[in-house]
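First the proteins, then the strands, lettered A, B, ... as listed; each starts at 1. Values reported hereafter were calculated over all heavy atoms of this structure, with side chains retained and with hydrogens, waters and symmetry mates removed. Just so it is clear, the model here is predicted, and its values are computed rather than measured.
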Amino acid sequence: MPSTIIFIVGPTAIGKTALAVKLAKKVNGEIISCDSMQVYKGMKILSQAPGLAEKRSARHHLVGSLDPEKEYNVADFRKKATKIIEAIIRRKKIPIVAGGSGLYVKGLVDGLFPSPKADLKFRKSMETIALKAGSGKLHEKLRKLDPESARLIHPNDRRRIVRALEIYNATGRTMTELKSQTRGLRDSYDIKIYGLIKPREEIYASINSRVEKMFKLGLVREVRSLKRVRLSRTAKEVLGYKEIAGYINGDYDLDTASVILKRRTRRFAKRQLSWFRGDRRIEWIDLGKTSTLAAVRKIAREVK
RNA sequence: GCCGAGAUAGCUCAGUGGUAGAGCGCUGCCCUGAAAAGGCAGGCGUGGCAAGUUCGAUUCUUGCUCUCGGCA
């Protein structure tokens with residue numbers, strides 16, 4: 001019998017952490033944060049990382065452990081999470097992967113094909129070409145090397161075009177060739193994915209009040225202290241950093257910063273919903289109809 | 001009170017005598033080393049209200065209402 005791994009996914013501000021903590025207590029589990037920002041140190045408020053109380057009630061992994069000057073990406077997450085999951089299973093506990101980074105969930109469950117790490121120099125040189133000749137030029141280049149990938153990537157999607165070229169540049173093989181070599185957790189574990197959902201208006205209301213709360217907790221102070229650090233390319237992308245930095249730099253007032261941050265967070269939630277919605281493996285739990293506690297009981301029953 | 005400007009998409013605004021567009025927002029989708037990122041698609045809206053001119057008015061004329069600016 002393969003071991004079970006539980007995934008808790010869903011949009012931001014829906015209560016994944018709260019549910020995961022209760023579930024961990026109930027089934028004797030440990031939580032792995034599947035989140036591109038909660039890993040970082042010094043971004044507690046920005047990343048909505050689990051607090052002290054939550055960390056005391058259940059063991060958390062990949063939360064507040066990485067230096068914000070360091071980069072982080074799906075591959076890093078996958079490598080670390082896989083090791084942690086194996087260790088948890090050895091301890092005879094249940095791994096609970098909780099988070100909203102859709103790509104990270106996919107990378108872990110379905111795997112990533114073997115591909116080289118980011119080559120920033122190469123990217124820069126491609127960007128220069130795109131700047132001069134347009135990204136259509138790069139797309140054309142890709143079409144000659146890897147027509148299948150070119151077909152899947154839109155001519156305006158420069159990042160993906162560059163990545164596909166980068167892979168070929170580093171390995172001499174096309175993305176299409178490499179894709180066939182993908183292996184993930186689903187090949188050796190029993191994967192259960194639960195998706196948390198609520199009516200859209202409720203999600204948006206939670207986002208708005210959460211942002212208000214972030215300000216009260218000292219969001220501006222946190223961004224000020226992060227501005228003193230050389231944030232990595234990836235850490236800089238946390239929602240709220242640029243928005244608050246704009247206020248600190250005097251580009252607009254605090255009210256505007258709040259409006260922008262709420263809007264960008266709503267858009268983020270929307271993209272998360274769109275990402276998860278299509279995955280047939282997800283069992284949806286409507287927190288508008290079911291209480292967190294009832295949901296925990298239901299999941300506990302199903303994984304026993 | 002007088003003078004001027006304006007009233008068009010949720011917001012900011014273009015434009016036209018043959019019933020309308022842009023940016024942002026919003027909605028949907030895509031997603032493999034930046035993913036809290038990036039990309040794609042979607043616009044019937046009592047054209048402030050009423051009347052007049054006209055084959056036809058959102059566009060011209062008049063009145064009214066409201067908003068903004070200036071002068072008192």
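At the phosphate of B/A36, OP1 or OP2 sits under 4.0 Å from a side-chain N or O atom of A/S36. Phosphate contact (OP1/OP2 of B/A34, side-chain N/O of A/Y72, threshold under 4.0 Å): absent. Contact annotation: A/N156 reaches the phosphate of B/C40 (side-chain N/O to OP1 or OP2, under 4.0 Å). One finds a side-chain N or O of A/R233 lying less than 4.0 angstrom from the OP1 or OP2 phosphate oxygen of B/A34. Using a 4.0 Å cut-off, no side-chain N or O of A/R78 falls inside it from OP1 or OP2 of B/G33. One finds no side-chain N or O of A/S47 lying less than 4.0 angstrom from the OP1 or OP2 phosphate oxygen of B/A36. Proximity of A/R271 to the phosphate of B/C30: no side-chain N or O atom is located under 4.0 Å from OP1 or OP2.
On a pure distance criterion of 3.5 Å, no polar donor-acceptor pair joins the side chain of A/N73 and the base of B/A35. Residue side chain A/R123 reaches the base of B/A34 through a donor-acceptor N/O pair under 3.5 Å, judged by distance alone. Interface remark: the A/R160 side chain does form a donor-acceptor pair with the B/A37 base, using a distance-only criterion of under 3.5 Å.
Side-chain contact of A/S232 with A/Y72: a donor-acceptor pair under 3.5 Å is absent, judged by distance alone. Between A/S258 and A/D255, the side chains place no donor N or O within less than 3.5 Å of an acceptor N or O (distance only, hydrogens not considered).
When rounded to the nearest whole Å, the span between CG of A/L152 and C1' of B/C29 equals 15 Å. Atom P of nucleotide B/A35 and atom CZ of A/F77 are separated by 12 Å, given to the nearest angstrom. Here B/G33 presents its P atom at 13 Å from CG of A/D119, a figure rounded to the nearest Å. If you take CD1 of A/I167 and C1' of B/U32, they are 7 Å apart, rounded to a whole angstrom. With rounding to whole Å, A/Q48 atom CD is found 11 Å from B/A36 atom C1'. Taking atom CG of residue A/D157 and atom P of nucleotide B/C40, one finds them 7 Å apart after rounding to whole Å. Straight-line distance from the CZ atom of A/F268 to the P atom of B/C30: 17 Å, rounded to whole Å.
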For residues 97-113 of chain A, which side-chain N or O atoms pair as donor and acceptor with protein atoms under 3.5 Å away, sequence neighbours left out?
residue : atom : partner : partner atom : Å
A/S101  : OG   : A/S36   : N            : 3.3
A/D110  : OD1  : A/R186  : NH1          : 2.9
A/D110  : OD1  : A/R281  : NH1          : 2.7
A/D110  : OD2  : A/R281  : NH2          : 3.0

Give every donor-acceptor pair under 3.5 Å between a side-chain atom in residues 214-223 of chain A and any protein atom, sequence neighbours left out.
residue : atom : partner : partner atom : Å
A/E222  : OE1  : A/K44   : N            : 3.3
A/E222  : OE1  : A/I45   : N            : 3.0
A/E222  : OE2  : A/I45   : N            : 3.2
A/E222  : OE2  : A/L46   : N            : 2.8

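The environment of A/K93 atom NZ is dense: over 12 non-hydrogen atoms of other residues, nucleotides or ligands sit within 6.0 angstrom.
Within the shown strands, nothing qualifies as a pairing partner of B/G56 under the Watson-Crick or G-U definition with both distances less than 3.5 Å. When both pairing distances are held under 3.5 Å, B/G63 makes a Watson-Crick or G-U pair with B/C49.
Exactly one of A/R163, A/R173, A/Q181, A/E166 qualifies for a side-chain hydrogen bond (donor to acceptor under 3.5 Å, both in side chains) with A/S115. That residue is A/R163.
In this structure, A/D35 reaches the bases: a heavy-atom distance under 4.0 Å links it to at least one base atom across the strands shown. Using a 4.0 Å heavy-atom cutoff across all strands shown, A/T234 reaches sugar-phosphate atoms only and no base atom. Across all strands, A/Y104 comes closer than 4.0 Å only to sugar-phosphate atoms, never to a base (heavy-atom distances).
One hydrophobic cluster holds both A/V39 and A/I85 under the rule that ILVMFWY side chains link at heavy-atom gaps under 4.5 Å.
Nearest heavy atom pair, residue A/A58 against residue A/I31, reads CB-CD1, 4.0 Å.
Contacts of residues 217-232 of chain A with RNA chain B (heavy atom under 4.0 Å): none. If you check residues 235-258 of chain A against RNA chain B, the residues with a heavy atom closer than 4.0 Å are A/E237, A/V238, A/L239, listed by number.
The list of side chain to side chain donor-acceptor pair (under 3.5 Å) pairs with a residue in residues 48-59 of chain A, not counting sequence neighbours, reads A/Q48-A/R210.
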Strictly under 4.0 angstrom, non-hydrogen atoms only: write out the protein contact profile of nucleotides 23-28 of chain B, one letter per nucleotide from the 5' end, B, S or -.
--SSBB

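Interatomic distance, A/F77 CZ to A/L66 CG, rounded to the nearest 0.5 Å: 13.5 Å.
The nearest heavy atom of RNA chain B to A/R158 and to A/A75 marks one nucleotide each, and the one closer to the 5' end goes with A/A75. Closest-nucleotide positions on RNA chain B for A/T12 and A/H154 were compared, and the one nearer the 5' end corresponds to A/T12.
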